[in-house]
Amino acid sequence: MLKNDPQTATPEPVVPTVVIENLAKSYGAIEVLRSLSMRVEPGEVICIVGPSGVGKTTLLRCLSGLMPPSKGEVRVGDDVVTAPRPEIGIVFQDYRGSLMPWMSTIENITLPLRGKGIPKAEGLERARRCLEEVGLAGNEDKYPWELSGGMQQRVAIARALAYDAHILLMDEPFGSLDAQTRFDLEDLVFDLRRRLSISVILVTHDIDEAVYLADRVVVLSGQPASVIDTVDVDFGPDRDQVETKSLPEFSKLRGRILNEIRRKT
Amino acid sequence: MANRSSRPLSRGPIGSTLNYFWLPVVLIVVWWFASAGSQSFFLPPLSEIVRVLWTDLMNGKLLRETLFSMRNVLLGLFIALVLGIGFGLLIGRNKALRVAVWPFLAFLRAVPGVAVVPVVLVAMGVGPGPQIFIIVFGCTFPILLNTIDGVRGIRESIIDTARAYRLPETLYVRSVLLPAALPQTMAGIRISLSLSLTLMVVAEFSAGNAGLGRYIMQGQEAFRPAQVWAGTIYVGIVGYLLNVIFLFVERRLLGWYFGIPRRAPRYRTAPSSAGKAIKPEA
């Protein structure tokens, strides 16, 4: 749908490759991440999974440019990431804190567009379409706190889409939602990336979620954390919460990752 | 977000009016009858006070004094608002600046606004100038300090979001920082509002040839306690009305903070698209 936008007019969005090279991060004397390398091809869904406190959020902050790495670098296309970038949209875990409570849903979505200098009418139009895209049409004037947690997170996703993000960074986005809502949102993300061919980098501690969504699961473990395994997932473009999760291959991958995380900790 | 108003005693328009006004009405009635026929020089009958109040309202005297005083108060508050919010945003954001000016601010805050009245009047003389200056001096600090606190209390995730979506500086200050600090700022403004009336009255007591404080003082000098009382009650009513206006404005600006949804749809599309609205979660 964003692809057909006459204003943002590129027939096929140019999704850049994300390359992480020897990335390390320390807070003072505490080494959190050590020598991480990975590659995210255009249109791929990568799930980074690891136990709580392993440094997943730190990694995502380095990827987004919110925080400089101590060593190594992150490249988006040909550019080294030194600050937040226009092709990256972020969905934070804390949805209550990442939507402005004094703005309605549509104002939240148009805020970054105003920053980009997009004319008001066009911004509103785009925001409306993205709100529809995430299944929230008709909620333009609601404040975030009038919506359920899942709906708030949908608004955050719509904001990233309206921003014209080609790469979606998601930091445990569904961690504090109930199971049914989480499934709905997982399917929404899966569907969006298929239709919009964006790349998704999603951090989670939920192994099921990672295997269900990912083209590749990157397993982080240890202190300092490093990549202990990269697991290719090949369930194709059509996945179903019940069917995919009952495949023997699903439980095999799930078991493999769980074992790796357990062995290391 | 935080609507914690307590339940009224009874409901409906008549009920709520009763809830608001029964106590003031009872007190006024008690005062009226208890003071009737009072021979005390300092406590004239309420009927006498009301008579003086009515006369001076009708002959335009009180109106003239009100215009003088209110112009000073509103101008003073406006300047305090600009200074308090402007410097509050600046100091709240900048840690180095905050550390540098904090002892200075802590000292100035501790100086009661009325303490500067003599000095200012000696230095600046009579007229609206010194009156406004005194109000500005006293009223800036509650707004300034509250705004600084409001800016410092902004959630980390909000700042992250603003950075991640590359909001330019002016947009960030206007659309994120200012509204985020606004609940605190408004609390400061409310303090300043009542402070401004105190400062006005005291400054006019001490010097000046016009204003509501002057009106009260005249009553004292002319041995007319009824006028002193009339002026006092009148200032009370003015203060009450200012507060009503303030609460109205606060509810409009901070609807989100008090958990009041927007009534009039602003951006919602035509009913056709609203009809299709999917509600994914209950």
Side-chain angles (χ1 to χ4, degrees), chain A residues 61 64-66 83-86 88-90 92-107 110-117 124 127-128 132 134-151 154 156 159-160 163 169 177-178 180-181 184-185 188, chain B residues 1-3 150 153-186 250 252-282:
Chain A
R61 288 179 70 86
S64 64
L66 284 173
R85 297 184 55 85
I88 296 180
I90 307 185
F92 293 94
Q93 175 179 19
D94 178 12
Y95 50 81
R96 267 176 232 288
S98 75
L99 296 173
M100 316 294 163
W102 51 88
M103 290 181 169
S104 64
T105 55
I106 199 139
E107 287 164 347
T110 49
L111 179 65
L113 306 183
R114 284 158 67 194
K116 273 185 160 181
L124 277 175
R128 250 188 217 117
E132 205 175 309
V134 299
L136 283 182
N139 289 290
E140 287 85 352
D141 293 310
K142 293 257 174 65
Y143 284 116
W145 41 267
E146 294 180 77
L147 305 175
S148 69
M151 289 161 94
R154 282 172 192 262
R159 178 172 59 189
Y163 189 61
L169 293 186
L177 303 174
D178 63 88
Q180 184 53 50
T181 307
D184 289 344
L185 281 162
L188 173 70
Chain B
M1 218 152 54
N3 189 11
I154 183 172
R155 292 171 82 142
E156 203 65 38
S157 52
I158 294 275
I159 300 174
D160 275 350
T161 305
R163 281 187 60 207
Y165 285 102
R166 297 155 40 102
L167 296 190
E169 187 69 13
T170 48
L171 185 64
Y172 175 65
V173 171
R174 190 158 40 99
S175 299
V176 178
L177 217 51
L178 191 63
L182 199 59
Q184 295 254 57
T185 303
M186 288 305 275
E250 188 186 44
R252 299 221 54 165
L253 286 179
L254 290 181
W256 62 272
Y257 185 72
F258 296 116
I260 308 164
R262 274 189 197 157
R263 255 171 285 153
R266 228 191 275 181
Y267 296 116
R268 206 173 130 176
T269 37
S272 65
S273 114
K276 288 191 299 186
I278 318 158
K279 291 258 165 65
E281 289 101 35

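In what follows, every chain begins at residue 1, and chains take the letters A, B, ... in the order their sequences are listed.
Chain B forms the most heavy-atom pairs under 4.5 Å with one residue out of A:Ala127, A:Ser98, A:Gly117, and that residue is A:Ser98.
Neither the backbone nor the side chain of A:Pro144 comes within contact range of chain B; no heavy atom of the residue lies under 4.5 Å from a heavy atom of that chain. Both the backbone and the side chain of A:Leu66 have a heavy atom closer than 4.5 Å to some heavy atom of chain B. For chain B, no part of A:Ala83 is nearby; none of its heavy atoms comes within less than 4.5 Å. With a 4.5 Å cut-off on non-hydrogen atoms, B:Arg155 touches chain A through its side chain but not through its backbone. Within the 4.5 angstrom heavy-atom criterion, only backbone atoms of A:Leu99 (N, CA, C, O) approach chain B. Looking at B:Leu171, only its side chain comes within 4.5 Å of chain A, counting heavy atoms on both sides. Contact of A:Glu107 with chain B is made through the side chain alone, with heavy-atom distances under 4.5 Å. If you measure heavy-atom distances from A:Ile90 to chain B, the contacts under 4.5 Å come from both the backbone and the side chain. Looking at A:Ser64, neither its backbone nor its side chain comes within 4.5 Å of chain B, counting heavy atoms on both sides. For A:Arg85, the part lying under 4.5 angstrom from a heavy atom of chain B is the backbone only.
Annotation: the span from B:Thr161 atom OG1 to A:Tyr95 atom OH amounts to 14.5 Å, rounded to 0.5 Å. Once rounded to the nearest 0.5 Å, the distance linking CG of A:Leu113 with OH of B:Tyr165 reads 10.0 Å. Once rounded to the nearest 0.5 Å, the distance linking CG of B:Leu178 with CH2 of A:Trp102 reads 9.5 Å. The distance from the CE atom of A:Met100 to the OG atom of B:Ser175 is 9.0 Å, given to the nearest 0.5 Å.
Closest approach of B:Asp160 and A:Phe92 over heavy atoms only: CB-CZ, 3.9 Å. What you find for B:Ser157 and A:Gly97 is that their closest heavy atoms are OG-O, 2.9 Å. The shortest non-hydrogen separation linking A:Pro84 to B:Ala164 is CB-O, 3.7 Å. The two residues B:Arg163 and A:Gly65 make their nearest non-hydrogen contact at NH2-O, 3.8 Å.
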